[in-house]
Undergrad: 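Mind looking over this structure? Questions follow.
Note that these values count all heavy atoms, side chains included, but never hydrogens, waters or copies made by symmetry.
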Amino acid sequence: MAEEANGRVHDLNTMLSSSDRDFLIRNNGQQVKVESLKGKKVGLYFSASWCGPCRRFTPKLVEVYNELLPKDDFEIVFVSADEDDESFAAYFSKMPWLAIPFSDSETRDRLDELFSVRGIPHLVIIGENGKVSTDDGVEVVQECGAEGYPFSPEWIKEIKEQEEVARRNQTLKTILVSRSRDYVVASDGKKVSVAELEGKTVGLYFFLSTVGGRNAFTSKLLELYEKLKAKGENFEIVMIPLDDDEESYKLWFKNMPWLSLPVKDKGCEKLVRYFELFTLPTVVIIGPDGKTLHSNVAEAIEEHGVQAYPFTPEKFAELEAIEKAKREAQTLESILVSGDHNFVIGKDGVKVPVSDLVGKTILLYFSAHWCPPCRAFLPKLIEAYHGIKAKNDAFEVVFISSDRDQNSFDEFFSKMPWLALPFGDGRKESLSRVFKVLGIPMLVAIGPTGKTVTTEARDLITYHGADAYPFTEERLKEIEEEYDEMAKGWPEKVKHALHDEHDLVLTKRQSFVCDGCDEGGQVWSFYCGECDYDLHPKCALEEDMMEITGDAETEVSNKDQKEGWICDGDVCYKA
């Protein structure tokens, strides 16, 4: 249907009118004849007020629409998926374009079907010739903004080719200068020409106040900046603000010593796309020659501070050598002892010297009470803890909290049978850096020598429980061998009365819910990938419900049926 719609020439009068309506409406109630769209490019905007992605995209589309308004050859028509007239009216009131009246559900449904709308927001651009220019209008607008106009495949291709050429010939000016601006701004509002930054190493700090604000990373970056400036290094930072609230950003920025793109500048979105931003904090380093030295040095700044400068490949090779030496020399005391902080705590705050843990396998449990996945994982970890301790007492867990207050820490820790760092202990920050803790719960296994065994112990506990101990590669190989031994003698395929459409194939599955008994399962399943259907081996191998199949299907004819069985050609059932 979509291919047919994209290939045909659409008559807007026929497509957007109905038997008793030849007009569209504005949010003030004004009626606009459909025929007035003749010769224009028209965007059909399928959207709804209840849709979060739609609400986030609509302001961007409004901005592009208003920018293109002077051309007078582009219009948008809102095709609502709202569920009541009141919601439609409230949402439409924020839109400067036209709409199909909410009362005309027949036309709205017809357009949905014609353009195979399976998700919203969805934007179809129809050229002045009546043919679809693109049905990926949302992506085009997000990536190119008004520069994507007239939204034809040829122009989008040309834009991407231009971007590729600019990437190959990158300079500081191609990155930071736009048609309307050749400067960045200082915190006092002074304009600084981008030309003044050429020849310097420049860090582009992508910043969102709701994520960053006066956070620990900004403090680290500020410390690095001031040290480099004091040493006279040819280095500068340019903020790339992602905020919508101009006043809040200016209030924050006025205390910063570095430079920034103007807040809400279109260049900010361009740079998000250009550098394929996917995480915060991000600091992109542009070398003195205007080329990208590194796509994100935030982690290096957090771990090494000023030692990471000048962020060259040679410097990172040097840092990696230092890190490798640290890892090889790592002991439990080197990561858990800091000054006079040489203990962890048990129940009632009793201090346990770190030296008492030396020689044991230790799990560092990064977690918090406010974190739902942490609370969900805790019972599994407690079960594994008791299972391991029953077999080997040379084992312990240390809780490293990300809780927000002492009471939350105390409540969560009270449910745990192991040890912890005291709440608010400064060692938590250094441990998070050492083990690159980006999310919780996280479980790091430290072996008896004090070396890191794995940072993926959470997955091992989830899938194998206490059997994962001592979390080494050798143990994992043993587990795999045990699993293979478990499946010896089982058929490769079965047909089963509960799922007679396809063969069920013996498959390793980390976890699943059995569609036969509704209980959880792990490791082995008789599985149909086409239908995403699982059966426990114990359910699949019930003799009165299954038929073993080889490489080819077993054919059963009526004359071969045994007494008391009914065969339908694929499966035999007990009569």
Side-chain angles (χ1 to χ4, degrees), residues 1-18 21-27 30-47 54 57-81 91-92 94-101 104 107-108 110-117 119-163 179 266 269-270 273:
M1 180 70 75
E3 289 180 8
E4 180 186 343
N6 289 351
R8 78 167 64 162
V9 175
H10 296 280
D11 178 71
L12 292 177
N13 271 320
T14 303
M15 187 170 64
L16 300 179
S17 302
S18 65
R21 178 185 55 78
D22 62 354
F23 60 87
L24 301 164
I25 59 171
R26 294 198 181 278
N27 57 22
Q30 177 189 356
Q31 295 181 358
V32 177
K33 295 288 187 181
V34 175
E35 62 185 20
S36 67
L37 299 180
K38 186 176 180 180
K40 291 189 176 185
K41 301 166 190 66
V42 175
L44 300 180
Y45 182 39
F46 299 85
S47 184
C54 296
F57 176 69
T58 296
K60 173 67 176 177
L61 187 58
V62 169
E63 179 184 329
V64 169
Y65 177 84
N66 288 335
E67 193 170 339
L68 295 176
L69 206 55
K71 294 181 180 293
D72 198 33
D73 65 349
F74 178 64
E75 189 54 80
I76 292 175
V77 177
F78 173 38
V79 185
S80 175
Y91 191 36
F92 186 38
K94 301 178 176 68
M95 301 177 183
W97 45 71
L98 305 173
I100 304 286
D104 191 355
T107 299
R108 292 188 287 117
R110 176 163 46 80
L111 291 170
D112 278 353
E113 184 176 354
L114 177 61
F115 293 102
S116 299
V117 179
I120 54 175
H122 187 74
L123 180 63
V124 178
I125 306 292
I126 299 173
E128 60 275 340
N129 60 2
K131 288 189 175 182
V132 172
S133 295
T134 180
D135 57 3
D136 290 325
V138 171
E139 182 178 345
V140 171
V141 168
Q142 286 175 330
E143 288 191 1
C144 305
E147 291 181 10
Y149 179 84
F151 310 112
S152 65
E154 296 78 16
W155 178 239
I156 299 304
K157 181 181 178 183
E158 186 172 335
I159 287 177
K160 292 187 181 300
E161 289 173 351
Q162 289 174 358
E163 287 179 351
R179 294 175 185 173
K266 291 177 182 175
E269 289 188 17
K270 171 189 167 186
R273 296 194 305 272

Undergrad: Quick one: are V42 and I76 in side-chain contact, heavy atoms under 4.5 Å?
TA: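 No, side chains not in contact.
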Undergrad: Could you give all pairs that pass the salt bridge (charged side-chain N to carboxylate O under 4.0 Å, His left out) test and reach residues 71-81, with sequence neighbours left out?
TA: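 Residue pairs passing salt bridge (charged side-chain N to carboxylate O under 4.0 Å, His left out), neighbours aside: R26-E75, K40-D72, K41-D73.
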Undergrad: Give, for atom CD1 of I125 and atom CG of L44, the distance between the pair rounded to the nearest 0.5 Å.
TA: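 Nearest 0.5 Å value for the CD1-CG distance: 8.0 Å.
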Undergrad: Please find the pair of heavy atoms, one from V140 and one from T134, that lie closest to each other, and give the distance.
TA: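 For V140 and T134, the tightest heavy-atom pair comes out as CG2-OG1, 4.4 Å.
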Undergrad: Kindly indicate whether the side chain of M15, heavy atoms from C-beta on, has any atom under 4.5 Å from the side chain of L114.
TA: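 M15 reaches L114 side chain to side chain.
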Undergrad: Quick check against the 3.5 Å criterion: does R21 have a side-chain atom that pairs as donor or acceptor with the backbone of I100?
TA: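 Here the side-chain-to-backbone pair does not exist.
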Undergrad: One pair to check against side chain to side chain contact (heavy atoms under 4.5 Å, CB included): L111 and L16. What are the steps and the verdict?
TA: CA-CA 8 Å; L111 291 170; L16 300 179; 4.1 Å; yes
Undergrad: On a heavy-atom basis, which atom in P96 and which in N66 lie closest, and how many Å separate them?
TA: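 Where P96 meets N66 most closely, the heavy atoms are CG-OD1, 4.0 Å.
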Undergrad: Any side-chain heavy-atom pair from V34 and L24 closer than 4.5 angstrom?
TA: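 Counting from C-beta outward, V34 and L24 do come under 4.5 Å.
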Undergrad: Look at the rings of F115 and H10 and say which category their plane angle falls in: under 30° parallel, 30 to 60° tilted, over 60° perpendicular.
TA: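 Tilted: the ring planes of F115 and H10 meet at 30° to 60°.
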Undergrad: Would you call E113 and R108 a salt bridge, using N to O less than 4.0 angstrom?
TA: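 No, no charged N to carboxylate O under 4.0 Å.
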Undergrad: Determine the minimum heavy-atom distance between G43 and F74, stating which atoms define it.
TA: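 Minimum heavy-atom separation between G43 and F74: N-CE1, 4.1 Å.
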Undergrad: Is there a side-chain contact between T58 and S47 in this structure, where contact means two heavy atoms from C-beta onward sitting under 4.5 Å apart?
TA: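 T58 reaches S47 side chain to side chain.
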Undergrad: Any chance you could lay out the side chain to side chain contact (heavy atoms under 4.5 Å, CB included) test for V77 and L12, step after step, and finish with the verdict?
TA: CA-CA 11 Å; V77 177; L12 292 177; over 6 Å; no
Undergrad: Can you name the nearest heavy-atom pair linking I156 to C144, along with the distance?
TA: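 Where I156 meets C144 most closely, the heavy atoms are CD1-SG, 4.4 Å.
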Undergrad: Under 6.0 Å between ring centres: does that hold for Y65 and W97?
TA: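 Distance test on ring centres: under 6.0 Å, yes.
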Undergrad: Side chains of V117 and I120: does their closest heavy-atom pair fall under 4.5 Å?
TA: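 V117 reaches I120 side chain to side chain.
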Undergrad: What are the two closest non-hydrogen atoms of G145 and F151, and how far apart are they?
TA: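 Minimum heavy-atom separation between G145 and F151: O-CE2, 4.0 Å.
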Undergrad: Do the non-hydrogen side-chain atoms of L123 and L61 ever get within less than 4.5 Å of each other?
TA: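 The answer is yes, as the side chains (C-beta and beyond) meet within the 4.5 Å cut-off.
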Undergrad: Donor-acceptor pair, distance only, cut-off 3.5 Å: does the side chain of D11 make one with the backbone of T14?
TA: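 A pair under 3.5 Å: yes.
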Undergrad: In Å and rounded to the nearest 0.5 Å, what is the CD to OG distance from E158 to S152?
TA: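 With rounding to 0.5 Å, CD (E158) is 9.0 Å from OG (S152).
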Undergrad: Assert yes or no for the condition that the ring centre distance of F46 to F78 is strictly below 6.0 Å.
TA: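 When the ring centroids of F46 and F78 are compared, they turn out to be at least 6.0 Å apart.
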Undergrad: Would you call K94 and F92 a side-chain contact if the rule is heavy atoms closer than 4.5 Å?
TA: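 A side-chain contact under 4.5 Å is absent here.
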Undergrad: To check you understand the geometry: which heavy-atom pair defines the closest contact between S133 and G127, and what is its length?
TA: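 For S133 versus G127, the nearest heavy atoms are OG-N, 3.7 Å.
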Undergrad: In terms of side-chain geometry, is the basic nitrogen of E269 or K60 positioned less than 4.0 Å from the acidic oxygen of its partner?
TA: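 Yes, this pair counts.
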Undergrad: Set out, in order, the CA-CA distance, both residues' side-chain angles and the distance that settles side chain to side chain contact (heavy atoms under 4.5 Å, CB included) for V124 and Y45, then state yes or no.
TA: CA-CA 7 Å; V124 178; Y45 182 39; over 6 Å; no
Undergrad: Starting at CD of E139, measure out to CZ of F57 and round the result to the nearest 0.5 Å.
TA: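 Taking CD in E139 and CZ in F57, the distance rounds to 10.5 Å.
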Undergrad: Side-chain contact, heavy-atom cut-off 4.5 Å: K266 with K270?
TA: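 A side-chain contact under 4.5 Å is absent here.
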Undergrad: Test D22 against E35 for side chain to side chain contact (heavy atoms under 4.5 Å, CB included), laying out the working first.
TA: CA-CA 8 Å; D22 62 354; E35 62 185 20; over 6 Å; no
